[in-house]
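One structure below.
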Amino acid sequence: MTVGIPGAGLGGLFFVVCALLTIPVELVRTVLGRSSKARWRRAVHHTALATSIIVVLGATYWCLHLILPIARTTTHASLSGIPLASALMTLILVALVLALAYVLRLVLGQRGRGDTRDS
Amino acid sequence: MAFRFTTETLARRERSGAGPTGDAAVGRRDDRPLVAVTVIVPAYNEAATVAETIRSLQTQTVVPAKILVVDDCSEDRTGEVAAAAGATVIRPDANTGSKAGAQTFALGRVRTTFTMAIDADTTLAPDAIERLLEAFADKDVVAASGFVLPQRVHTPWERGRYVEYLFSFGFLKQVQDFYGVPLISSGCFSMYRTDQLRRLGGWSGRTLAEDMDLTWSAYQAGLKVRFIPKAVCYPLEPHNYRFMRAQLRRWSHGFVQNVQLHWRGILPHPFLRSMVAVACWDAVIGSLAFLVVLPLLIALLSPWFALGYVIDGPALLVPIVFTAMRRRELVRALVSFPCFYPLRLLNALIFVRAVLLELVLRRPLLVYEKGH
């Protein structure tokens, strides 16, 4: 099953970012002696797919920017038609959602420890 | 290695005259390795499909020790068909009410190291079980699942689902597995270490997504789950609106029920927590943007905002095209691609409804409605 709306939304961006991070993660694992050729192959594969997705997404916005007048009025701070502001805002939103989940964990962790002490 | 161990163990049993642990091995004459796997096939009114499922199990590159069909008090000839196809058929006194119930009913009869669950309308690639077993070479792995693709790709709903699976299993799930945390070990085709499965309580009926419940319980117990893309299965997917709606309702309510049940338990697991957090956002806020914000923008500002529904299409096509090309199904994928959009819209609609019913109105979906 796919939760929510596959493709669009924060979930899609989250997995693209995760795919882009596979090479740095594998670098760390290599240094720690926990990597393998198979894992490196997967990391390169995921990074290639994620990079292609970003390039295609950029090209789509660029085409829209050229073709549609409304795209020119709604994409702020664009660089060659690529809506950097929108992309940044979405990334910040992903970070906020993840931070919120982390804060929830910290708060509940504290409360859990407090409960244990009380009991 | 787990695979070699199980094969040798069973071969030893045969040589010593102790006999294999299951019916599938009786009278075997071929050279295929016998593996310590019991396959559980929960079935309710599956007479039309169960024989094909059993055949695909019997023609694997490795032979499962036992094929156990749970005829969950079917009203058709499911039990007879399964027995005629060569499976061991068991039948509870009364209908168990869910797939989880039927599977747990059979779990007590499993005597092998591994237990596999497969839907009665699902067939496997010939090497699927062998591939899946490879995951258990790591002793900490408790469950593994494979790549899911629709068996039939004819109707618009089946085509939409086919595209969704190419994207999800060709990209999302592989990234999840890289980080060691597949979101779900898919219920239609998964294998488990039997002792750990029992320790986790088997498949629970407390939510409508028993596979998600079991997977998240495994993570909380410190166990590993794997996704093996080379192990491919082919379930029958909903072919019309009625079945698709039933399946999506079950999945959506099941997800919300699992979040309600496990949210405290998954918070200490960073990647799982992050996946569930963004999934919740997408399921609620993303769906509302699809169903409310975009239509408002279209109505009030410009019809060009309708492009918001399809603007991610070219980006989605990247992993879809890549996976389809590897499978030599590029034309099928491209032809099917437009069907993905109505499915996505329906998914959004049903998810918002599920959240509303489960969390706001407190009217949980409790009845397991079959949608394939």
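All heavy atoms count here, side chains included; hydrogens, waters and symmetry mates do not. In what follows, chains carry the letters A, B, and so on, assigned in the order in which the sequence lines appear, proteins first and then strands, with residues in each chain numbered from 1.
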Rounded at 0.5 Å granularity, tell me how far [atom1] in [X] sits from [atom2] in [Y].
| X | Y | atom1 | atom2 | result |
| --- | --- | --- | --- | --- |
| A:Phe15 | B:Gln174 | CZ | CD | 12.5 Å |
| A:Ile53 | B:Phe171 | CD1 | CZ | 4.0 Å |
| A:His46 | B:Asp177 | NE2 | CG | 7.5 Å |
| B:Ile285 | A:Leu10 | CD1 | CG | 9.5 Å |
| A:Leu104 | B:Arg264 | CG | CZ | 8.5 Å |

Ranking B:Gly170, B:Pro268, B:Ala289, B:Ala277 by heavy-atom pairs under 4.5 Å to chain A gives rank one to B:Pro268
Under 4.5 Å from any heavy atom of chain A, what part of B:Tyr309 do you find: side chain, backbone, both or neither?
neither
Check each atom of B:Leu307 against the heavy atoms of chain A and say whether the ones under 4.5 Å are side chain, backbone, both or neither.
side chain
Are B:Ile311 and A:Leu64 side-chain neighbours, meaning at least one heavy-atom pair lies under 4.5 Å?
yes
Any side-chain heavy atom of A:Val94 sitting closer than 4.5 Å to one from B:Trp281?
no
Are B:Arg273 and A:Tyr102 in a cation-pi setup, meaning NZ or CZ lies under 6.0 angstrom from the ring centre and within 45 degrees of the ring axis?
no
Can you name the closest pair of heavy atoms from [X] and [Y] and give their distance?
| X | Y | value |
| --- | --- | --- |
| A:Val56 | B:Ala315 | CG1-N, 3.6 Å |
| A:Leu49 | B:Pro319 | CD2-CA, 4.1 Å |
| B:Tyr179 | A:Cys18 | OH-O, 2.6 Å |
| B:Asp312 | A:Leu57 | CA-CD1, 4.5 Å |
| B:Asp282 | A:Gly11 | OD2-N, 2.8 Å |

Side chain, backbone, both or neither: which part of [X] has a non-hydrogen atom closer than 4.5 Å to chain B?
| X | answer |
| --- | --- |
| A:Ser52 | both |
| A:Ile54 | neither |
| A:Val55 | neither |

Would you check if the distance from the ring center of B:Phe322 to the ring center of A:His45 is below 6.0 Å?
yes
Can you label the angle between the A:Phe14 ring and the B:Phe271 ring as parallel, tilted or perpendicular, going by 30° and 60°?
tilted
